[in-house]
J.: 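Input: one structure, supplied below.
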Amino acid sequence: GNKNINAKLVLLGDPGAGKSSLVLRFVKGQFVEFQESTIGAAFFSQTLAVNDATVKFEIWDTAGQERYHSLAPMYYRGAAAAIIVYDITNQASFDRAKKWVQELQAQGNPNMVMALAGNKADLLDDRKVAGFGLQEAQVYAQENGLFFMETSAKTATNVNDIFYEIAKRLPRV
Ligand code: GDP
Ligand code: MG
């Protein structure tokens, strides 16, 4: 039978990494070059059909600013899934993404499905994540039980796919 699953999902990551743009792409199929920065957090919902289930994502798009850090647990507590976003042209955003992963591993729901999104994949020429870049992120994700995709909210590359992969991995109750 077809199951209906409600899944709270939180997006975390540095301001400017593209969290809101990924959500806007997924929910509305749109992209804007000058996306306004998020104040506090914004809520969206979107439904996705996978083979055996219909998943209704309840999406919390957080601001990412350090001054809102103390609010973050409100959004990831009880979340079934998280997308940790960094900008592939910004090493600091990758370092920050790893901090979010550590925080979720320590404080989040132990069964949380976690995805790492290396966003702005359309800007490959600007790749600045040091060391191996793509490979470094792949290894990091594997070692930490996340799945990893490079995404582009601008071109839509891998945006539906990352939500689809999460939907497939959610526990079927
Ligand atoms: P947030 O602070 O993490 O929510 O990031 P935003 O979604 O506000 O995006 C920050 C800036 O990066 C905006 O100017 C977006 O247009 C731009 N941006 C977001 N995603 C992409 C992408 O995939 N490719 C490119 N080239 N720019 C992007
Ligand atoms: Mg935002």
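Source: prediction; values computed, not measured. No hydrogens, no waters, no symmetry mates; every other heavy atom, side chains included, goes into these values. Ligands are counted one by one from 1 in listed order, and the atoms in each one are counted from 1 as well. Index from 1, following the sequence.
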J.: Working to the nearest 0.5 angstrom, can you tell me the gap between Ile88 CD1 and Asp122 CG?
T.: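 It is 7.5 Å, given to the nearest 0.5 Å.
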J.: Students should find this: residues with any non-hydrogen atom under 4.0 Å from ligand 1. What is the answer?
T.: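 Protein residues near ligand 1 are Asp14, Pro15, Gly16, Ala17, Gly18, Lys19, Ser20, Ser21, Phe31, Val32, Glu33, Gln35, Asn119, Lys120, Asp122, Leu123, Ser152, Ala153, Lys154.
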J.: Roughly how far apart are Lys56 NZ and Asn4 CG, rounded to 0.5 Å?
T.: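 So the gap between those two atoms works out to 10.0 Å.
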J.: Taking C-beta and beyond as the side chain, do Met112 and Gln105 meet within less than 4.5 Å on heavy atoms?
T.: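 With C-beta onward as the side chain, the pair stays apart.
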J.: How many angstroms lie between atom OH of Tyr86 and atom CG of Asn90, to the nearest 0.5 angstrom?
T.: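 With rounding to 0.5 Å, OH (Tyr86) is 11.0 Å from CG (Asn90).
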J.: Please report the interatomic distance CG(Asp14) to CG(Asn119), rounded to the nearest 0.5 Å.
T.: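 Atom-to-atom, Asp14:CG and Asn119:CG are 12.5 Å apart.
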J.: Leaving waters out, which protein N, O or S atoms fall under 2.8 Å from the Mg ion (ligand 2)?
T.: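 Listed by chain and number: Ser20 OG, Thr38 OG1.
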J.: Among Thr62, Thr38, Ile39, which residue meets the side chain to side chain contact (heavy atoms under 4.5 Å, CB included) test with Tyr68?
T.: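 Exactly one pass, corresponding to Ile39.
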J.: Between Thr54 and Asn2, is the side-chain hydrogen bond (donor to acceptor under 3.5 Å, both in side chains) condition met? List the steps.
T.: CA-CA 7 Å; Thr54 301; Asn2 210 42; 3.2 Å; yes
J.: Got a sec, which residues hit salt bridge (Lys or Arg N to Asp or Glu O under 4.0 Å) with Arg96, two or more places apart in sequence or on another chain?
T.: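 Applying salt bridge (Lys or Arg N to Asp or Glu O under 4.0 Å) to Arg96 gives Glu66.
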J.: Tell me, which pairs form a ring pair (Phe, Tyr, Trp, His ring centres under 6.0 Å) where one or both residues lie in residues 9-44, sequence neighbours left out?
T.: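 Pairs touching residues 9-44 that pass the test: Phe26-Phe163, Phe43-Trp60.
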